[in-house]
J.: 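This is the structure I have questions about; it appears just below.
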Amino acid sequence: MEIDYKQLSPEEEDRIIEAEFQDVLQGYLKSNHRKKVEIIERAFRFAKKAHGGIRRRSGEPYILHPIAVAKIASQEIGLGSTSICAAFLHDVVEDTDYTVEDIEQQFGPKIAELVSGLTKISGGIFGDQASLQAENFRKLLLTMSEDIRVVLIKIADRLHNMRTLGSMAPNKQYKIAGETLYIYAPLAYRLGLFNIKTELEDLSFKYEHPAAHKRISEQLAESEARRLAVYSDFSAPILERLNGMGLDYDAKARVKSAYSIWRKMETKQIPFEEVYDLYAVRIIFDCDDPANEKTIAWNIYSAITDLYRLHPERTRDWISTPKANGYQALHLTVMGPDGNWIEVQIRSRRMDEIAEKGFAAHWKYKVGEGEEENELHAWLSTIKDILDDPNPNAVDFLDTLKLNLFAAEIVIFTPKGELLTLPQKASVLDVAFTLHSDLGSKCIAGKVNHKLVPMSHRLNSGDQVEVLTSQNQKPKPEWESFLASAKARTRLRKALRNELAPTIEKGRLTVEKFVADAELKPTNELLTKMMGFYHVDNRENFYYKIGSGELTLDGYVFKDSPKTSPGLLKKIFRIGTSTAKAEKTQAGRVVTTPEKVNTKQVYPLVYNDNEQNFVFGDCCRPIPGDDVMGFVNDAGQVEVHSLTCPRAQVLKAGYGPRIVATRWETVASTFPAEVLIEGVDRHGILHELTQLISNQLNMDIRSLHIETENEVFHARLGVLVRDTAVIDSLCSSIKKINGVQRAVRND
């Protein structure tokens with residue numbers, strides 16, 4: 001039940017604050033950490049006094065936020081007294097007159113260092129040219145590479161902000177939910193905080209796609225009784241076997257999160273009813289001696305595969321080779337009694353706690369430094385590699401970091417038998433750069449399982465890889481397309497800069513002069529658009545192509561124009577169009593934009609045969625009914641993106657202040673949409689399809705492309721629709737045609 005703090009007396013409010021603090025304290029006293037109650041009490045009293053009289057947007061006293069963060073850090077992540085104190089104090093320096101020096105004087109250097117790392121940045125390393133948001137992530141990770149607790153507390157802070165996001169304005173909800181999905185959920189995953197990662201994803205999903213979240217939650221509730229019945233039938237013989245083995249264990253069904261289900265529905269374009277792996281069975285066994293865990297896990301595996309048919313390609317042994325985030329378990333997939341595949345996860349109590357609480361839980365079991373800590377240090381050194389890159393663009397940095405956070409992993413072996421954990425789709429060149437920058441720069445080919453392959457060869461888990469080099473080899477910009485790991489990309493870029501530095505510098509000066517001649521500044525976004533115009537994917541490559549003469553800015557597009565440079569810039573950026581004036585689209589509609597878009601208010605989207613008050617991005621083409629957001633572009637126009645668009649994710653994470661919440665208001669025109677159809681070919685099926693669309697549904701077909709191979713056909717149908725409801729109805733009607741197996745919107 002929500003408390004209305006406006007109705008409470010100061011005494012009642014104080015009792016609530018004190019009770020919440022005692023809850024944190026009692027949880028800490030039940031933990032295995034040394035009992036440093038005095039310093040925790042002092043930190044709380046200090047923070048309470050510092051935040052006295054300040055309230056959150058929801059109306060509650062501000063001190064309840066640091067208390068909640070301390071509780072998450074202590075009870076959900078498992079951190080100790082130093083982190084609890086830092087959580088209480090994490091907003092003091094930013095929001096009050098106290099300084100980091102005051103914190104150090106009162107609580108010592110370690111707590112002050114954590115608070116300093118948690119204090120938001122006021123000016124970026126790259127000044128006005130960088131996105132401040134992206135720069136904040138960079139500073140956070142710089143500090144994190146020194147002390148991992150900084151990012152663990154930051155994740156606790158973000159989790160509480162997400163739990164209370166309902167009181168924020170809609171555009172702030174998009175910004176915070178967007179950067180949570182883009183950075184914080186992957187960070188939580190990478191650090192092994194699986195429960196927190198799942199909750200962050202689900203909360204982001206709830207605010208970005210409220211209708212879809214509500215629908216899937218309701219469908220999960222409706223199907224719960226049926227799931228329990230299937231689980232009961234499936235687990236009964238397994239439990240009987242395990243009891244016969246004399247094990248102490250817990251067994252439970254773990255239901256997929258609403259976000260995971262939605263992602264699967266979106267990726268595979270299937271309805272809820274066709275998501276068969278809605279739950280996994282988890283078996284957690286007690287084992288006093290870690291040396292016996294592997295044996296017990298495989299004994300349980302053997303018992304289950306005696307009862308049910310095993311899926312041969314879906315067994316994962318993460319006990320012998322843990323994931324980079326420390327996760328250990330044995331996964332297998334078997335055919336259940338209802339004819340569907342069911343995943344079973346087998347893990348010890350120790351493994352389960354590490355899976356739920358991540359690296360913080362290792363401290364409870366630590367006896368000297370083990371493999372998992374080495375994995376963490378290896379990952380942190382990769383982060384350090386990315387951070388040490390001397391010339392990163394802040395938003396490119398986010399992309400590089402994202403690549404490293406959420407990649408599925410493979411394990412490969414060196415000729416000496418050493419293990420390397422790399423992202424899926426890693427190549428021989430990834431291995432070379434991971435081992436050493438010089439090895440990567442001199443790489444010419446590789447031997448995979450003793451067979452000669454090119455450096456671009458993609459690897460599979462279990463491959464043995466030998467790197468072949470030549471002293472005459474030099475790094476090349478096109479190598480970047482061969483690389484899947486952030487560490488390798490960062491090292492290649494550094495090598496290229498060293499090798500190609502004079503040419504890159506020449507290109508940079510050429511671009512800056514070109515932009516200065518047009519009386520503009522070389523801002524981050526302007527340079528990104530120039531790279532997009534010339535179809536070049538990174539800054540160094542762009543400068544290199546200009547410096548080497550491969551691309552020519554002057555006269556490259558408008559050879560006949562006497563004033564080429566400004567003309568080219570107009571072409572790229574639509575410079576000279578006043579934001580208050582109207583301009584026409586190719587379809588002849590007038591685009592009208594207000595003088596200044598108020599990002600704090602919901603922007604109503606108008607679209608009819610004559611005018612529109614927004615523009616579409618080049619990356620996606622949403623239609624009414626889609627969840628969308630606006631981004632105020634350089635021309636002051638509202639650029640509309642689908643919330644699932646990859647570009648929108650980058651914008652939310654990197655340019656939060658320019659995000660605007662939108663709603664479809666006046667829509668009196670049609671939008672192009674495409675439907676993908678597949679089925680079993682038969683005589684007359686194409687005629688039935690066109691008859692249905694043109695005659696029965698009275699819709700205009702804009703395009704139809706169909707291919708048949710071995711009696712199976714695939715078709716792409718282009719139509720004009722008014723909203724998502726029309727296209728959903730169209731797909732349902734098409735699926736009723738005899739022979740059609742699938743009809744989904746291609747968005």
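The figures that follow rest on heavy atoms only: side chains count, while hydrogens, waters and symmetry mates do not.
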J.: Taking it one step at a time, do Glu199 and Arg163 satisfy salt bridge (charged side-chain N to carboxylate O under 4.0 Å, His left out)?
T.: CA-CA 9 Å; Glu199 188 177 350; Arg163 286 173 177 173; 2.7 Å; yes
J.: Check step by step if side chain to side chain contact (heavy atoms under 4.5 Å, CB included) holds for Phe21 and Phe88.
T.: CA-CA 10 Å; Phe21 168 65; Phe88 280 136; 3.7 Å; yes
J.: Indicate yes or no: does Glu480 engage Arg493 in a salt bridge with an N to O separation below 4.0 Å.
T.: yes
J.: Decide if atom CZ of Arg263 counts as having more than 12 heavy atoms of other residues, nucleotides or ligands within a radius under 6.0 Å.
T.: no
J.: I'd like to know if the side chain of Thr198 pairs up with that of Asn195 as donor and acceptor (distance under 3.5 Å, no hydrogens or angles considered).
T.: no
J.: Considering only NZ, NE, NH1 and NH2 on the basic side and carboxylate oxygens on the acidic side, decide whether Glu179 and Lys175 come within less than 4.0 Å.
T.: yes
J.: For the pair Asp352 and Arg349, find out whether any cationic side-chain nitrogen is under 4.0 Å from an anionic carboxylate oxygen.
T.: no
J.: Taking 4.0 angstrom as the limit, do Lys71 and Glu76 come out as a salt bridge?
T.: no
J.: Using 30° and 60° as the class boundaries, would you call the ring planes of His65 and His90 parallel, tilted or perpendicular?
T.: perpendicular
J.: Sub-3.5 Å donor-acceptor pair from the side chain of Ser437 to the main-chain atoms of Phe433, do we have one?
T.: no
J.: Between Asp23 and Ile67, is there a side-chain heavy-atom distance shorter than 4.5 Å?
T.: no
J.: Check the angle between the aromatic planes of His331 and Trp318 and answer parallel, tilted or perpendicular using the 30° and 60° thresholds.
T.: perpendicular
J.: Look at the rings of His209 and Phe205 and say which category their plane angle falls in: under 30° parallel, 30 to 60° tilted, over 60° perpendicular.
T.: tilted
J.: Indicate the ring-plane relationship of Phe107 and Phe46, choosing parallel, tilted or perpendicular according to the 30° and 60° boundaries.
T.: perpendicular
J.: Can you name the nearest heavy-atom pair linking Tyr207 to Gly166, along with the distance?
T.: OH-N, 3.0 Å
J.: Could you tell me the separation between the CG atom of Leu114 and the CG atom of Leu89, rounded to the nearest 0.5 Å?
T.: 10.0 Å
J.: Take a 6.0 Å sphere around CG of Asp289 and say whether it holds more than 12 heavy atoms from other residues, nucleotides or ligands.
T.: yes
J.: Over all heavy atoms of both residues, which pair between Ala188 and Leu200 is shortest? Give the atoms and the distance, please.
T.: CB-CD1, 4.4 Å
J.: Hey, which of Lys294, Glu293, Arg350 is the one that makes side-chain hydrogen bond (donor to acceptor under 3.5 Å, both in side chains) with Gln328?
T.: Arg350
J.: Which residues pass the salt bridge (charged side-chain N to carboxylate O under 4.0 Å, His left out) test with Asp14, not counting sequence neighbours?
T.: Lys48
J.: I'd like to know if the side chain of Asp430 and the backbone of Ala484 have a donor-acceptor N/O pair within less than 3.5 Å.
T.: yes
J.: Only counting residues at least two apart or in another chain, list the ones meeting salt bridge (charged side-chain N to carboxylate O under 4.0 Å, His left out) with Glu11.
T.: none
J.: Between Glu113 and Arg149 (salt bridge meaning N to carboxylate O under 4.0 Å), is one present in this structure?
T.: no
J.: Taking salt bridge (charged side-chain N to carboxylate O under 4.0 Å, His left out) as the test, write out the residues that go with Lys172, two or more places apart.
T.: none
J.: State whether the side chain of Arg158 and the backbone N or O of Ile176 hold a donor-acceptor pair below 3.5 Å, judged by distance alone.
T.: yes
J.: May I ask you to say whether Arg45 pairs ionically with Glu18, meaning some side-chain N is under 4.0 Å from a carboxylate O?
T.: yes
J.: State, without any angle test, whether Glu12 and Ser9 hold a side-chain donor-acceptor pair at a distance under 3.5 Å.
T.: yes
J.: Go through the side-chain N and O atoms of Arg658 and Asn171 and say whether any donor and acceptor fall under 3.5 Å apart.
T.: no
J.: Assess, by modelled atom type and distance only, whether the side chains of Arg56 and Ser167 contain a donor and an acceptor separated by less than 3.5 Å.
T.: no
J.: With a cut-off of 6.0 Å (strictly less than), are more than 12 heavy atoms of other residues, nucleotides or ligands near CD of Gln105?
T.: no
